[in-house]
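Structure first, commentary second.
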2 protein chains.
Amino acid sequence: MNAAPASAATAAVRKIRVVLADDHPVVRDGLAAILNRQPDMEVVAEAADGEEATELYERHQPDVMVLDLRMPKRDGVAVVAMVLAAHPHARLLVMTTYDGDEDIFRCLSQGAKGYLLKDSPRTEILSAIRAVSEDRPYASSSVASKALQRMAKPSLTQREIGVLQLLAEGRSNKDIARRLSITEGTAKTHVKAILTKLDAISRTEAVAVAHKRGLVRL
Amino acid sequence: MNAAPASAATAAVRKIRVVLADDHPVVRDGLAAILNRQPDMEVVAEAADGEEATELYERHQPDVMVLDLRMPKRDGVAVVAMVLAAHPHARLLVMTTYDGDEDIFRCLSQGAKGYLLKDSPRTEILSAIRAVSEDRPYASSSVASKALQRMAKPSLTQREIGVLQLLAEGRSNKDIARRLSITEGTAKTHVKAILTKLDAISRTEAVAVAHKRGLVRL
DNA sequence: AGGCTCCTCTCTCAAAAGGGGTAGACCCGA
DNA sequence: TCGGGTCTACCCCTTTTGAGAGAGGAGCCT
């Protein structure tokens with residue numbers, strides 16, 4: 001198999017080969033329609049879930065893979081991790097519906113090259129793909145600013161995220177303690193830490209903040 | 001302007017004229033690609049927000065309008081209301097990303113003819129449009145069952161929904177009372193009613209349930 | 001080894017929330 | 001006009017939550 005094309009700046013001859021991964025048929029068709037309209041791009045495969053995405057990357061070794069953050073079987077974060085483990089120079093562009101999804105940072109820090117909101121205009125989608133194909137990072141403007149805000153704020157520990165998840169389900173401290181096999185006092189300690197870090201007055205407000213930041217799943 | 005085509009069963013001659021309304025360019029392109037591939041369908045216009053949707057319905061008087069539930073400027077519920085007010089026989093197919101969005105019931109009860117999840121396969125999208133174009137109702141299977149479940153459950157009053165919204169933002173009873181200009185005791189009464197109706201033990205659980213059912217916005 | 005974070009557990013105390021019941025004022029439809 | 005639902009308000013009582021402060025052990029990095 002041919003390895004890396006990598007010759008940037010010389011377009012028009014060699015097309016950017018793209019694999020799409022999204023569980024919505026409509027979105028796949030939309031992206032395919034937009035990309036195939038371009039003279040310098042070509043959709044070589046489409047995946048409907050995370051497993052398929054990994055497989056199709058292996059099979060087609062595209063210049064760029066565009067993948068949805070939330071997919072069945074294997075989510076975007078996992079796909080990024082797996083593909084980059086096998087292909088450290090893979091160029092991955094992550095897409096999400098939700099502005100402020102916390103997972104996007106996980107993808108980027110793992111090595112995804114770009115980030116895109118699903119409601120982006122066509123031109124932005126195209127320039128993102130071109131940028132990533134040339135190994136240049138791309139992030140929609142709203143993310144760059146969020147990244148900065150995020151740096152300033154304290155991050156939650158793994159344990160705290162676990163507690164937060166239960167919190168968001170509406171569990172009481174006692175219930176959280178039982179499920180995590182810790183004392184209620186310890187659960188309270190974690191909850192207090194969460195409140196402080198999220199700058200919330202009550203557990204319910206903490207849950208609201210967590211939803212806004214995409215820290216927890218429904 | 002010619003009014004109603006309505007002649008079912010005789011396809012292939014007259015195309016189903018469709019207006020799309022969705023704020024995501026990718027989704028519009030995807031739907032357009034799928035529909036225009038069909039011999040019996042034709043996308044005559046695309047709207048990027050609710051206002052435009054209303055305008056384009058007026059201008060084109062399509063056989064079917066496919067519209068997203070969540071759009072800028074005017075959401076799906078409002079568009080359904082406005083269009084049906086002017087055109088009682090309009091055939092509207094509402095689409096949403098979120099399974100279990102409570103607003104879908106508002107649309108259907110207002111007279112939208114069909115409901116569709118955005119992650120539906122192409123075939124389902126097409127049959128939904130064909131059904132609606134013939135004035136037959138269409139709802140994806142998951143909704144039909146939800147509708148039944150919903151009938152059984154008690155619904156919240158307007159006041160309670162207002163309280164629930166504040167609850168979901170993490171406000172305390174005292175805070176809710178202040179914002180709604182009622183006493184804290186009354187706020188508690190409403191909260192208690194909400195807990196009972198949503199079958200939740202704590203306010204936080206109530207918020208979780210509300211999110212799952214799409215009763216509140218982020 | 002020392003410093004660091006994280007997780008665990010303990011304690012006290014005040015505030016908030018939740019469960020129970022009751023009840024008047026209002027509007028609307030039967 | 002009567003009943004039903006809604007919104008408002010109050011009562012008492014128990015449980016939960018949140019703030020504050022401390023402290024020991026495990027693991028990691030330098």
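Nothing here was measured: the structure is a model prediction, and the numbers come from that model. Lettering of chains follows the sequences in order, A, B, ..., and the numbering in each one begins at 1.
For the pair L167(A) CG and dG18(D) P, the computed distance is 8 Å after rounding to whole Å. K192(A) places its NZ atom 10 Å from the P atom of dG18(D), with the value rounded to the nearest Å. If you take CD1 of I201(A) and P of dA15(C), they are 15 Å apart, rounded to a whole angstrom. Rounded to whole angstrom, the span from the CD1 atom of I194(B) across to the C1' atom of dG19(C) amounts to 16 Å. Following rounding to the nearest Å, N173(B) (CG) and dA16(C) (P) show an atom-to-atom distance of 10 Å. Between Q158(B) atom CD and dC27(C) atom P there is a gap of 18 Å when expressed in whole angstrom units. Per the geometry, CD belonging to E205(A) stands 19 Å off P belonging to dA15(C), to the nearest Å.
Counting only N and O atoms by type, the side chains of T186(A) and T189(A) include no donor and acceptor under 3.5 Å apart. Judged purely by distance below 3.5 Å, without hydrogens or angles, the side chains of T96(A) and R70(A) never pair a donor atom with an acceptor atom. Side-chain N/O atoms of Y57(A) and E52(A) include no donor and acceptor closer than 3.5 Å.
Residue contacts shown for T186(A) include a base, since a base heavy atom lies under 4.0 Å away. Contact annotation for K174(A): backbone-only contact, meaning every heavy-atom pair under 4.0 Å involves sugar-phosphate atoms and none involves a base. If you check every strand for non-hydrogen atoms under 4.0 Å, G185(A) touches a base. Within 4.0 Å (heavy atoms only), S202(A) reaches sugar-phosphate atoms of the nucleic acid but no base atom.
One finds a salt bridge joining K118(B) and D68(B) here, because a Lys/Arg side-chain nitrogen approaches an Asp/Glu carboxylate oxygen to under 4.0 Å.
Nearer to the 5' terminus of DNA chain D, by closest-nucleotide assignment, is the contact made by K188(B) (compared with the other of K188(A) and K188(B)). If you find the closest nucleotide of DNA chain D to V191(A) and to T157(B), the one lying nearer the 5' end belongs to T157(B).
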